[in-house]
Amino acid sequence: MSFSANVKEELYRHVSAARHCQLAELAAILHFCGSIGGAGGVNFLQIRAENALVVRKCFTILQKTFNMSGETQVCQEGQTGAWSLVLSDQELTRNILQGIKFLDNGGGIWHGDAVSDGLRGPVNRMMVKNACCQRAFLRGAFLSAGSMSDPGKGYHLEIVCSKEPQAEQIRELLSGFEIEGRIVRRKKYFVVYVKEGAGISDFLNVAEAHVALMEFENSRVVRDVRNTVNRRVNCETANISKTVAAAARQTEDILLLQEKYGFENLPESLRQMAEVRLEYPDAPLKDLGAYLDPPVGKSGVNHRLRKLCELADSIRL
């Protein structure tokens, strides 16, 4: 099972104790997966999702918050494999939609969207006025339309929305918890996404997926340590390669001086430096300085080797 699926499994099992939070999460599920309709108005309510956990969670909340005395159908579609829950009791449907403030005072759809297109506008702000309800709403939103990458491979969380106002509301709710969400257009959808590991960690905490949060943080620590080690190894490797290349170039220049110029024509300090470098071709500058008599610091060794290289370059010309 993927990490994203594990997160949704945990969110499915988490049911808020407060009724207003249950309604907020129900509003999120209907917001993303619901549709209403029927001849003459609001006659039935359908929740349809690819993930069975969404329909099960919706059914659980409806049982806890409303008396589902009407006919309820839960089924899986043969061709698509999607799951759906259908409430055909008109009175119950209206009570549910009024409870989550999807209907206005006149009994019409609050946001004015077409009935056949489902409930895709921003939800009534009264449903998410409290921080606890905002948590519940985001939990339902991710369960219904969210996904997350494996933290061992990368950091990416997204919630796919049908309409831009819907995405803007999700981003606004995330911002209220100091989580930076961004919106990108992907074909006909608007995707709210979070790319930073800290932001995803905060989201899991906000959604109260605490087991997934611990797993995410463990993977994040391992990944960060691995990246740090890799950076240090790459840096050390680069430094070693640079040192070896410089030593090889110095040795080549000194051999040229020995053949074309002669060590006896060099000043004493440069002659001694040339002999020590040939004797210790792989030694770092600090060690080379200790072999000189009297010993010389790293900067002094570097200065003498640079003089030898400049003399060799003048001979090549």
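Note that the coordinates shown come from a computational prediction; the quantities given were computed from them, not determined experimentally.
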Check your understanding: Do any pairs count as a side-chain hydrogen bond (donor to acceptor under 3.5 Å, both in side chains) and have a residue in residues 284-300, sequence neighbours left out, and if so which ones?
Key -> none
Spacing of [atom1] belonging to [X] relative to [atom2] belonging to [Y], to within rounding of 0.5 Å:
X      : Y      : atom1 : atom2 : answer
Gln258 : Leu266 : CD    : CG    : 10.0 Å
Ser16  : Leu26  : OG    : CG    : 11.5 Å
Ser35  : Leu30  : OG    : CG    : 9.5 Å
Asn51  : Cys33  : CG    : SG    : 9.0 Å
Leu97  : Leu45  : CG    : CG    : 5.5 Å
Ile183 : Tyr193 : CD1   : OH    : 9.5 Å

More than 12 heavy atoms of other residues, nucleotides or ligands under 6.0 Å from [atom1] of [X]: is that the case?
X      : atom1 : answer
Glu268 : CD    : yes
Arg232 : CZ    : no
Glu178 : CD    : no

Exercise for review: Evaluate the side-chain contact (heavy atoms from CB on, under 4.5 Å) criterion for residues Leu285 and Leu288: first the C-alpha distance (whole Å), next the side-chain angles of each, then the deciding distance (0.1 Å), finally the verdict.
Suggested key: CA-CA 5 Å; Leu285 299 185; Leu288 288 177; 4.3 Å; yes
**Study point:** side-chain contact (heavy atoms from CB on, under 4.5 Å) evaluation trace for Asp253 with Gln250
**Key:** CA-CA 5 Å; Asp253 289 343; Gln250 293 162 3; 5.7 Å; no
If you define the side chain from C-beta out and look only at heavy atoms, does anything of [X] sit under 4.5 Å from [Y]?
X      : Y      : result
Leu308 : Leu305 : yes
Val301 : Leu292 : yes
Arg48  : Glu50  : yes
Glu168 : Phe190 : no
His31  : Met127 : no
Ile96  : Thr65  : no
Phe142 : Leu157 : yes
Leu138 : Phe177 : yes

Practice item. Check the pair Arg220 / Glu217 against salt bridge (charged side-chain N to carboxylate O under 4.0 Å, His left out), numbers first and verdict last. Key: CA-CA 5 Å; Arg220 188 179 171 198; Glu217 284 298 321; 3.3 Å; yes
Shortest non-hydrogen separation from [X] to [Y] and the atoms involved:
X      : Y      : answer
Arg277 : Asp282 : NH1-N, 4.1 Å
Ala28  : Ser144 : O-OG, 4.3 Å
Lys187 : Arg185 : O-NE, 2.9 Å
Lys57  : Ile29  : CG-CD1, 4.1 Å
Leu174 : Gly181 : CD1-CA, 4.4 Å
Val7   : Ala212 : CG2-CB, 3.7 Å

Please confirm whether the backbone N or O of [Y] pairs with a side-chain atom of [X], one donor and one acceptor, at under 3.5 Å?
X      : Y      : result
Ser4   : Ser147 : no
Asn124 : Met126 : yes
Ser175 : Arg171 : no
Ser201 : Gly197 : no
Lys8   : Gly146 : yes
Gln46  : Val86  : no

Point to revise | Ion pair check, Glu208 and Arg139, cut-off under 4.0 Å | key: yes
Review point. So does Arg94 pair up with Glu91, basic N to acidic O under 4.0 Å?
Key: no
When hydrophobic residues are tied together by side-chain contacts of less than 4.5 Å, even through go-betweens, does [X] share a cluster with [Y]?
X      : Y      : answer
Leu270 : Ile315 : yes
Val194 : Val191 : no
Tyr12  : Leu213 : yes
Leu311 : Phe263 : yes
Tyr280 : Leu278 : yes

Review point. Residues two or more places apart in sequence or in another chain: which of them pass side-chain contact (heavy atoms from CB on, under 4.5 Å) with Glu236?
Key: none
**Study point:** side-chain contact (heavy atoms from CB on, under 4.5 Å) assessment of Glu215 paired with Val211
**Key:** CA-CA 6 Å; Glu215 183 180 348; Val211 174; 5.5 Å; no
Practice item. Test Arg304 against Ser269 for side-chain contact (heavy atoms from CB on, under 4.5 Å), laying out the working first. Key: CA-CA 8 Å; Arg304 295 184 185 186; Ser269 60; 3.7 Å; yes
Exercise for review: Would you please classify the geometry between the Phe32 ring and the Phe137 ring as parallel, tilted or perpendicular, with 30° and 60° separating the classes?
Suggested key: tilted
Check your understanding: So, is the end of the Arg19 side chain (NZ or CZ) under 6.0 Å from the ring centre of Phe66 and within 45° of the ring's axis?
Key -> yes
Check your understanding: Within 45° of the ring axis of Tyr155 and under 6.0 Å from its six-membered ring centre, is that where the NZ or CZ of Arg223 lies?
Key -> yes
